[in-house]
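Working notes, beginning with the structure itself.
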Amino acid sequence: MNRKLISSGSEFETRIGYSRAVVDGDYVFVSGTTGYNYDTMSISSDPAEQADQCFKNIEKALIEAGSGIDSIVRVHYIYPNKQDFEPCWPVFKKYLGSARPAATVFIAGLLDDAMKLEIEVTARLNE
């Protein structure tokens, strides 16, 4: 079974030793993804806008891996502030309303105070 590594181009992937996503078997494992817009290297202060950007970043990795948003089977949401979770619900429904994956929410600190959330997903490869 071959593994395929997907990179976002972030310098941290090589410095720390991880990949944006890994294809292994029938699944794609996407690393925790934040709301940074890598084209502009900016991040919104709004949690819902960050959630939307998270899914744009995730979708890009999934497509490169041969999968897509509708193939997500597991999602983990990580929030430093639990009050930021509910304002993101419409974004989650927009992206995951069809897939309806198993989900877990964690409350934990993130590496940068500008980050309002981080999202990690597991998806099946498209058949």
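Not measured: the values here are computed from a predicted model.
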Any donor-acceptor N/O pair, Ser71 side chain to Ala123 backbone, under 3.5 Å: no

Main-chain N/O of Gly32 paired with Arg20 side-chain donor or acceptor, under 3.5 Å: yes

Non-hydrogen side-chain atoms of [X] and [Y] separated by less than 4.5 Å:
X      : Y      : value
Leu110 : Thr34  : no
Asp112 : Tyr36  : yes
Leu96  : Phe55  : yes
Ile78  : Glu120 : no
Ser8   : Asn57  : no
Tyr79  : Lys116 : no
Thr33  : Val121 : no
Gln50  : Ile43  : yes

What's the separation between atom [atom1] in [X] and atom [atom2] in [Y], rounded to the nearest 0.5 Å?
X      : Y      : atom1 : atom2 : result
Ser67  : Leu125 : OG    : CG    : 6.0 Å
Ile58  : Ile63  : CD1   : CD1   : 12.0 Å
Arg74  : Thr104 : CZ    : OG1   : 4.5 Å
Cys88  : Asp46  : SG    : CG    : 7.5 Å
Ile69  : Lys56  : CD1   : NZ    : 11.5 Å
Leu117 : Met115 : CG    : CE    : 10.0 Å

More than 12 heavy atoms of other groups within 6.0 Å of Asn81 CG: yes

Crowding at CD1, Ile16 (>12 non-hydrogen neighbours, <6.0 Å): yes

All pairs passing salt bridge (charged side-chain N to carboxylate O under 4.0 Å, His left out) where residues 84-105 contributes a residue, at least two apart: Asp52-Lys94

Connected via hydrophobic side-chain network under 4.5 Å: Phe85 and Val75: yes

Joint hydrophobic cluster, Ile119 plus Val22, side-chain heavy atoms closer than 4.5 Å: no

Nearest heavy-atom neighbours spanning Asn126 and Gly68: OD1-N, 4.0 Å

Nearest atoms (heavy-atom pairs only) where Ala48 meets Val91: O-CG2, 3.6 Å

Among Ile6, Val30, Thr14, Leu5, the one residue meeting side-chain contact (heavy atoms from CB on, under 4.5 Å) with Ser19: Leu5

Ring pair (Phe, Tyr, Trp, His ring centres under 6.0 Å), paired with Tyr77, selected from Phe106, Phe92, Trp89: Phe92

